[in-house]
Amino acid sequence: MITRTLFATAALGAVALTTASPAAARAERCAPASKTAVESQFARFNGAWATGNPDTVTALFGPGAVLLPTLSNTPRTDPAGIRDYFVSFLKKKPVGTVDTSTVRLGCNLATRVGTWTVSLADEASGVRSDVKARYSFAYRYAAGRWWIDHLHSSVMPEAHK
């Protein structure tokens, strides 16, 4: 009887440890996320635009990332599609400036949504114009680094009435 009770107690303790362990392990594996870290992700993205190299920009997007771009009706859901968009878009020498920003942080996930101004150069004349748009970035931490998991940007509707 004592043996049975000890065994049952040990089994329940093992179940409790097993149940608690994954949550504790998840907490330990969460990458540090902060508003400053999210700011640096945007700076990295804007810097990649400045290179004019679509491969540099595409390399910021993680596996399975989705790009819903500002100047295209086509959702980009694989690296080839994302790269294809940036081949033509980068010819406009874009520079992004965040106007408003709301950041949410989680375990290996960060989001930033708001409004931005994207300055674009006319390919023929070089004259710059500003496009006011809304954006949402979702970042995911995997394989030791932060990736863009989702980017959506759309022109402000009031500007086109």
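Since the model is a prediction, treat every value here as computed from it, not as a measurement.
Counting only distance, with no hydrogens or angles, the side chain of Asn108 and the backbone of Arg140 share no donor-acceptor pair below 3.5 Å. In this structure, Tyr85 contributes its side chain and Ser88 its backbone to no donor-acceptor pair below 3.5 Å. Side chain of Arg128 to main chain of Lys93: a donor-acceptor pair is present (N/O by atom type, distance under 3.5 Å, no hydrogens or angles). Listed for the Thr58 side chain is no donor-acceptor partner under 3.5 Å among the backbone atoms of Asp55. The closest donor-acceptor contact from the side chain of Arg76 to the backbone of Ile82 lies at 3.5 Å or more, if one exists at all. Of the possible donor and acceptor atoms, one in the side chain of Asp99 sits under 3.5 Å from a partner among the backbone N and O of Thr117.
His150 is listed as a side-chain neighbour of Ser136, based on a closest heavy-atom distance under 4.5 Å. In this structure, Pro69 and His152 have side chains that are not in contact, with every pair of non-hydrogen atoms separated by 4.5 Å or more. The shortest distance between side-chain heavy atoms of Val98 and Arg112 falls below 4.5 Å. Using a 4.5 Å cut-off on side-chain heavy atoms (C-beta onward), Val118 and Phe89 make contact. When side chains are defined from C-beta on, Leu71 counts as touching Lys92, because their heavy atoms get closer than 4.5 Å. For the pair Val103 and Glu39, the minimum side-chain heavy-atom distance is 4.5 Å or more. When side chains are defined from C-beta on, Leu151 counts as touching Phe61, because their heavy atoms get closer than 4.5 Å. At least one side-chain heavy atom of Tyr139 sits under 4.5 Å from a side-chain heavy atom of Val38.
Here the CG atom belonging to Leu109 is positioned 10.5 Å from the SG atom belonging to Cys30, to the nearest 0.5 angstrom. Considering NZ of Lys132 and CE of Met156, their distance stands at 8.0 Å, rounded to 0.5 Å. Separation of atoms OG1 (Thr74) and CG (Asp84) is listed at 8.5 Å; rounding is to 0.5 Å.
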Step by step, work out the side chain to side chain contact (heavy atoms under 4.5 Å, CB included) result for Leu90 and Asn53.
CA-CA 7 Å; Leu90 293 177; Asn53 185 336; 5.6 Å; no
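Heavy atoms only, all atoms of each residue included: Ala59 and Arg145 are closest at O-NH2, 3.3 Å. Closest heavy-atom contact between Ser153 and Ala133: OG-CB, 3.8 Å. Of all heavy-atom pairs between Leu68 and Pro75, the closest is CD2-CB, 3.6 Å. Closest heavy-atom contact between Thr56 and Ala48: CG2-CB, 3.9 Å. Taking both residues in full, the closest heavy atoms of Gly62 and Trp147 are given as CA-CE3, 3.5 Å, listed atom of the first, atom of the second, then distance.
Val155 is connected to Phe137 through a chain of hydrophobic side-chain contacts under 4.5 Å among Ile, Leu, Val, Met, Phe, Trp and Tyr, so both are in one cluster. At a threshold of 4.5 Å between side-chain heavy atoms, the hydrophobic network of Ile, Leu, Val, Met, Phe, Trp and Tyr places Val57 and Val95 in two separate groups. Phe42 and Phe86 fall within the same hydrophobic cluster, defined by Ile, Leu, Val, Met, Phe, Trp and Tyr side-chain heavy atoms under 4.5 Å apart, directly or through other members. Both Leu67 and Val131 are part of a single hydrophobic cluster, where members link through side-chain heavy atoms under 4.5 Å apart.
Ring geometry for Tyr141 versus Trp146: interplanar angle over 60°, hence perpendicular rather than tilted (30 to 60°). Aromatic ring pairs are classed by plane angle as parallel below 30°, tilted from 30° to 60° and perpendicular above 60°; the pair Trp49 and Phe45 is tilted.
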